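This report concerns only the one structure given below.
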Amino acid sequence: MLVVNDLYAGYGMSEVLMGTSLAVKRGTVVALIGPNGAGKTTTMRTISGGINPTRGEILLDGKPVQGLEPSQIARLGLAHAPEGRKVFGPLSVEDNLLLGAFTRLPHFFGFQAKAAGDLDKIYELFPRLKERRRQTSGTLSGGEQQMLAIGRALMARPKVVLLDEPSMGLAPVIVDEVFDIIRRLKGSGITLLLVEQSAKRALEVADYAYVMERGRIAVEGVPQELQKNERVIAAYLGN
Amino acid sequence: MLKRLILIRGIEGLMVLLLAAIPLLVNNSFVLGLLTLLAIYGILLIGLDITVGYLGLVNLAQAAFLGLGAYAAGLTVTIFGFGMLSALAVSTVIGLVMGTLIAFPSLRLDGPQFALATLSFSALSATVLNEWESLTLGAQGLQLHRPLLFGISLDAKGFYWLCLFFLGIVWIAMHNLLSSQWGRAFEALRDSPIATDAMGIGTYRHKVTAFALGSGLGGLAGGLYAFNFEYLQPHVFIYELMVILLLGVVLGGRKSLWGSFVGAVLIVLLPNLLSNRILFQFFSSTGFLFTLGAGGMALYQKKNRLFQAVAPMIAMGLLVVGSFTVQNTEDWRKAIFALMLFSVVVGLPEGLMGFTSRFLSRIFSIEAEPFAPLSGLEQVLVRKPVDGSPLLQIQELKCYFGGIKAVDGVSLTVASGTIHGLIGPNGSGKSTLVNLVSGLYVPTDGTILFHGKPLVQGSLFAVARQGICRTFQNLQLFSELTALDNVMVSMKGFYSTPLPLVLLGLAKRAEKRAEADSLALLEMVGLSGEARTAAKDLPYGAQRFLEIARAVARRPTLIILDEPAAGLAQPDVVTLLGIIRRIHQQGITVIMIEHHMEVVSGLCDIVTVLDGGKVIAEGVPDEIRRNPLVIEAYLGKGSEPPAATAECRLSPMPVPA
Amino acid sequence: MNQAVIQLMVSGALMGLVYALVAYGFQLTYATSKSINFGQGELVMLSAFFSLTLTNLGLPYYLMIPGGLLFGVVAGLFVERAGVRLALEQKSEGWILMTIILGLFGVSAAENIWGRDDRPFPTPIPTEPMQFFDISITPLEISVAIGVVMIMVIIELFKRKTLLGKAFEAVSADRDAAELMGISATRTIMLSYGLSGLVAALAGILVSPITTVGPTMASALVLKAFSVAVVAGLESGFGVVIVGLFLGSLESLTSFYVGSGWREAPGLVLLILALAVRPTGIFGKAVIRKV
């Protein structure tokens with residue numbers, strides 16, 4: 001569904017990605033782990049179009065998307081819940097969700113009716129968001145904002161979801177909740193690429209995982225293998 | 001160092017001598033008139049460059065200050081019979097005072113407000129000059145005679161030398177200012193106004209000072225202008241002149257005295273250039289070829305966006321077409337200025353001098369000045385006596401945003417000489433609490449006592465001056481400045497020299513001491529090798545350490561670290577622990593917000609846990625980890641043994657004893 | 001209050017609505033991109049001249065209006081492309097200088113194409129005054145009021161009730177995140193500049209029959225619109241109407257009692273005072289600094 005081949009990208013002069021390759025199969029959860037500064041978030045941002053790659057190719061459902069604007073890639077079926085959540089603070093929870101489906105909904109009239117079904121599904125998944133549907137999203141707690149960011153991404157009915165550091169800055173109790181949600185989504189057959197700081201949690205939920213180091217994929221494999229891999233243990237899982 | 005100084009001072013001195021000698025060699029009153037105007041516009045543009053270049057603001061009032069200065073000089077001479085110097089002093093003071101008055105309201109916000117306020121001020125002063133006919137004689141114009149200087153009547157040549165003398169003085173004073181702590185502060189506050197405030201460098205008052213100085217120079221130039229032409233009319237000092245001045249600064253090159261000078265040359269020559277058809281055709285064609293060449297090159301090297309390369313070509317192309325087809329270029333002056341300015345702003349934003357100096361620096365490499373020998377850390381951070389007495393007392397502090405109770409009645413006491421941890425889930429109010437103490441937010445209710453006395457509220461700047469400095473969760477470095485300069489900015493409060501002395505060039509010794517001290521602090525955080533690296537080019541961990549060094553440079557009694565370990569890799573965390581211990585050894589009390597429990601356990605003497613804007617627990621780290629309330633609210637599910645709470649298990653870290 | 005004062009205030013307030021409309025044009029672009037067109041006055045003036053030319057070519061009034069509006073939209077889009085986009089991409093405030101430059105070019109073009117003199121602008125709407133409670137108002141003035149209020153209501157409804165309107169606010173809140181939702185920030189900002197141009201053109205068409213058309217109308221209008229926008233704040237559409245009405249009547253009184261040369265003064269003083277007392281404007285929201 002999503003294939004990245006030999007990707008090079010960076011900010012200004014400094015290259016962060018140096019030949020990254022990975023693939024996400026339909027209906028699987030793939031984790032991308034690695035130390036800070038390895039290029040995980042840069043990979044995500046390059047896939048979703050925020051950074052132009054200098055070399056390499058990105059295929060979304062077989063179509064090359066490298067070099068397109070983020071909004072064009074989003075219209076092709078990629079949803080990216082970015083690091084730091086980035087909800088639209090001044091808008092209500094429901095407006096945030098509706099904008100998540102911007103590419104599918106009519107832009108002027110009748111969008112509420114058309115989105116009603118999807119909204120119900122999201123509210124079912126996140127009952128807390130339903131309680132707060134009229135609240136300004138900037139006033140939600142960190143955990144609620146993360147839920148909203150995920151919900152907003154799902155509203156697009158995307159082919160692939162990128163989820164960047166969902167646990168960042170959240171208290172452990174909330175992180176547990178977020179990962180419960182990811183598990184439920186996995187059960188419903190989502191195609192997800194997950195970047196996560198805490199390798200252990202990521203490996204628990206993923207079908208397949210890539211370990212990134214200095215802009216390249218260093219190790220890959222199914223979680224059971226990686227959990228036994230000495231290099232991975234030494235670097236991320238602790239002794 | 002000597003080589004560099006001789007080279008730069010030598011070129012400047014040569015230039016002045018050359019300019020002064022021209023009237024002796026060429027006896028031509030037209031040339032003399034141009035030269036005089038050049039000196040006056042030089043002063044005017046140097047003043048404008050302070051705001052446009054150093055503060056990075058669009059200032060539309062400089063033409064108005066020229067006008068006000070001119071009328072002030074003219075009126076004091078015609079009405080009170082002032083002499084040359086006293087009249088010029090009045091012009092300058094008018095510029096300074098009006099500049100300060102307009103700066104106070106307009107510099108409070110970022111964004112277009114400043115440009116709007118200066119624009120309004122220009123329009124308002126034009127109205128006043130025009131309509132206050134009993135004083136200014138309105139559109140009829142004000143006739144005056146050049147007053148005596150020390151009893152001597154100056155002829156055109158003498159007056160030119162006087163203007164040149166003033167330009168020289170202004171040049172030297174501005175050079176002193178901009179290479180001092182002040183100049184550094186100006187550049188810093190453009191990068192991060194919040195951080196300059198938090199370092200005790202009042203962003204607002206620095207901006208006001210800078211703008212007032214620039215306006216004062218505008219007034220001085222106005223006075224000289226009045227005595228040069230001996231006839232004033234309000235409509236000269238209008239919007240169009242303002243655009244021409246901006247053209248001068250931008251085309252000459254921002255943030256550069258030489259740039260202002262080149263800009264002044266250009267402005268002086270521009271009317272003559274426009275009136276001569278052949279000359280105009282020649283210059284526009286040259287400009288067009290230049291944009292073709294530079295734009296094509298940039299496109300080829302993929303340095304610029306298509307727009308940046310092509311738009312100047314189109315604009316200059318239009319100018320060329322115009323120069324060959326339009327009958328009366330005078331009618332199209334505004335459009336010509338607009339096209340030139342457009343091309344420069346888009347295609348050559350660094351200006352002619354920026355371009356030239358980049359070019360020159362590629363050919364000649366001038367070695368950087370060596371650093372002052374670094375101070376001993378013990379002298380920089382004199383160990384403060386600590387006695388465990390209450391240093392910071394927070395009582396029933398509340399902060400509501402609309403309906404949200406971010407901090408809801410927090411009381412806590414930080415004892416002198418401790419490392420006090422602050423933990424809690426996201427949204428529990430830790431950051432808000434810290435923002436309240438450091439003066440970023442104003443509390444809704446409650447008191448904060450520091451050294452037993454109420455702490456100023458709602459001013460980062462005033463709080464920093466009382467001895468509380470902080471770092472930021474999202475880094476707030478002065479990213480364009482070097483690591484050394486980042487720390488030195490913060491020294492300004494410590495080694496401060498009064499502005500007049502700085503202008504006279506008497507701040508050099510304090511500068512050297514600040515440099516030596518800053519180097520010592522850089523060494524403390526392990527960055528002495530990166531002193532000349534721009535902050536934005538440092539690795540992430542180093543940026544965090546640099547922020548700590550910068551905060552310490554202010555010599556605080558209390559330092560607040562907002563998630564210092566966020567995003568750090570393991571080896572960096574170890575370094576961080578070392579740095580915090582080192583600071584603590586010197587008697588600086590530390591408040592630390594942190595998510596990493598192992599950092600908290602390794603360092604903190606006492607930990608306060610917040611949840612929902614309230615304190616739910618307080619105690620030594622080991623107690624806290626066993627506290628059921630804390631486990632439920634924060635540390636996570638399961639009643640796992642405290643040694644293996646969620647975070648610790650995931651990323652165990654060696655904690656040095 | 002006597003008759004004359006009320007009369008002055010009412011006529012002034014009607015002009016004030018035009019200032020409000022121009023100020024509303026600032027708000028539209030500020031909402032998506034935190035930028036405004038400093039050459040908005042020139043846009044009003046150029047659109048008015050263009051519409052005048054259309055009229056002189058023999059186009060009837062009801063066809064001239066869409067023509068003039070279309071010109072405004074195209075000019076607004078041009079300003080966005082040539083003056084604003086690059087600066088926004090570089091996250092700088094370069095757009096201030098750029099839009100000033102474009103405005104200057106516009107004035108110069110108008111001076112040379114249409115001449116420096118003020119010219120009358122014909123209108124089919126009657127100009128004979130009617131009496132309401134001893135206040136005389138012309139149908140032309142009423143048409144101005146209706147036009148201003150109507151366009152503002154339509155655009156406000158668009159912003160609040162349609163998904164595209166909400167996208168405006170999303171782009172303003174977080175440009176990058178909006179892009180990830182498939183909302184093209186560039187196109188949204190373009191759209192807001194197009195709308196802003198449309199509003200400017202309408203202001204030109206509405207006001208010209210009253211004031212006449214000339215290159216100097218640009219700076220006169222834009223200064224007052226700036227005052228209205230700053231005093232009201234750059235966010236509240238309702239606010240600009242109130243402040244516009246107030247400033248218009250104040251100006252008309254000043255002009256009558258102090259002297260017509262001073263008519264600009266109250267707006268300028270108000271602008272500076274507003275920045276001193278409440279920099280985000282009377283109807284603006286206070287900014288919470290985030291770190």
Side-chain angles (χ1 to χ4, degrees), chain B residues 52 56-58 60 101-102 104-117 119-121 123-124 126-128 130-131 138 194-195 198 239-240 242-243 246 250 305 307-308 311 326 331-339 341-342 345-346 349 401 431 435 440-441 472-474 476 562, chain C residues 26 30 34-36 38 81-83 85-87 89-90 92-98 100-109 111-112 116 219-220 222-223 226-227 229-230 234 258-265 267-277 279-281 287-291:
Chain B
V52 174
L57 297 165
V58 178
L60 299 172
L101 285 181
I102 186 72
F104 271 119
S106 56
L107 283 169
R108 281 171 48 185
L109 283 187
D110 300 333
Q113 275 84 354
F114 177 73
L116 288 177
L119 180 60
S120 296
F121 177 74
L124 196 58
T127 306
V128 171
N130 247 318
E131 299 297 322
I194 287 192
Y239 194 58
E240 193 186 327
M242 196 57 237
V243 177
L246 284 173
V250 176
R305 293 158 215 260
F307 177 80
Q308 261 171 306
V326 169
D331 284 347
W332 285 90
R333 295 164 52 88
K334 288 178 194 162
I336 293 167
F337 294 148
L339 287 173
L341 198 46
F342 181 88
V345 172
V346 176
F401 296 112
S431 288
N435 287 341
L440 191 64
Y441 298 160
F472 295 88
Q473 186 184 341
N474 301 321
Q476 291 279 345
D562 192 352
Chain C
F26 297 138
Y30 192 80
K34 296 274 177 292
S35 71
I36 62 176
F38 272 70
R81 172 67 267 202
R85 194 181 299 176
L86 179 71
E89 279 170 3
Q90 296 173 335
S92 80
E93 284 185 359
W95 51 266
I96 299 180
L97 195 53
M98 294 293 283
I100 290 174
I101 296 169
L102 292 177
L104 192 70
F105 188 81
V107 170
S108 190
E111 281 174 356
N112 286 285
R116 286 166 202 252
S219 58
V222 83
L223 278 174
F226 279 145
S227 304
V230 169
L234 280 161
V258 186
S260 62
W262 293 95
R263 61 181 301 136
E264 315 276 330
L268 302 172
V269 173
L270 270 184
L271 184 148
I272 294 171
L273 279 184
L275 284 178
V277 180
T280 49
V287 255
I288 297 173
R289 292 212 278 180
K290 285 246 163 85
V291 287

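A, B, ... follow the sequence lines: proteins, then strands. Residue 1 opens every chain. Atoms considered below: every heavy atom in the structure, side chains included; atoms not considered: hydrogens, waters and symmetry mates. Just so it is clear, the structure is predicted and the values come from calculations on it, not from any experiment.
Residues Pro112(B) and Ile96(C) come closest through the heavy atom pair CA-CD1, 4.0 Å. For Trp332(B) against Ala109(C), the heavy-atom pair with the smallest separation is CZ3-CA, 4.1 Å. Nearest heavy-atom pair, Phe307(B) versus Ala82(C), reported as atom, atom and distance to 0.1 Å: CZ-O, 3.2 Å. Here the closest non-hydrogen pair linking Leu271(C) and Ala117(B) is CD2-CA, 3.8 Å.
Considering only heavy atoms from C-beta on, Leu275(C) stays 4.5 Å or farther from Phe114(B) through its side chain.
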Practice problem: Decide yes or no on side-chain contact (heavy atoms from CB on, under 4.5 Å) for Ile100(C) and Leu60(B), but give the supporting numbers first. | Solution: CA-CA 10 Å; Ile100(C) 290 174; Leu60(B) 299 172; 3.8 Å; yes

| Would Leu97(C) and Val250(B) satisfy side-chain contact (heavy atoms from CB on, under 4.5 Å), going step by step from the backbone distance to the final call? | CA-CA 10 Å; Leu97(C) 195 53; Val250(B) 176; 4.1 Å; yes

Begin from the C-alpha positions of Val58(B) and Glu93(C) and carry the test side-chain contact (heavy atoms from CB on, under 4.5 Å) through to its verdict. CA-CA 8 Å; Val58(B) 178; Glu93(C) 284 185 359; 5.8 Å; no

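For the set Glu89(C), Lys34(C), Glu264(C), the entry with the most heavy-atom pairs within less than 4.5 Å of chain B is Glu89(C).
From Leu119(B), atom CG reaches atom CG of Leu223(C) across 5.0 Å, with rounding to the nearest 0.5 Å. Here Leu341(B) contributes atom CG and Leu104(C) contributes atom CG; the two are 8.5 Å apart, rounded to the nearest 0.5 Å. Taken to the nearest 0.5 Å, the CG atom of Leu124(B) stands 8.0 Å off from the CH2 atom of Trp262(C).
Proximity to chain B is limited to the side chain of Leu234(C), based on heavy atoms less than 4.5 angstrom apart. Neither the backbone nor the side chain of Ile336(B) comes within less than 4.5 Å of any heavy atom in chain C. With a 4.5 angstrom heavy-atom cutoff, Phe342(B) touches chain C via backbone and side-chain atoms both. If you measure heavy-atom distances from Arg81(C) to chain B, the contacts under 4.5 Å come from both the backbone and the side chain. Using a 4.5 Å cut-off between heavy atoms, Leu246(B) touches chain C through its side chain atoms alone. Contacts between Ala311(B) and chain C at a heavy-atom distance below 4.5 Å are absent for every atom of the residue.
Remark: side-chain polar atoms of Asn112(C) are paired, donor with acceptor, to backbone N or O of Asp331(B) under 3.5 angstrom.
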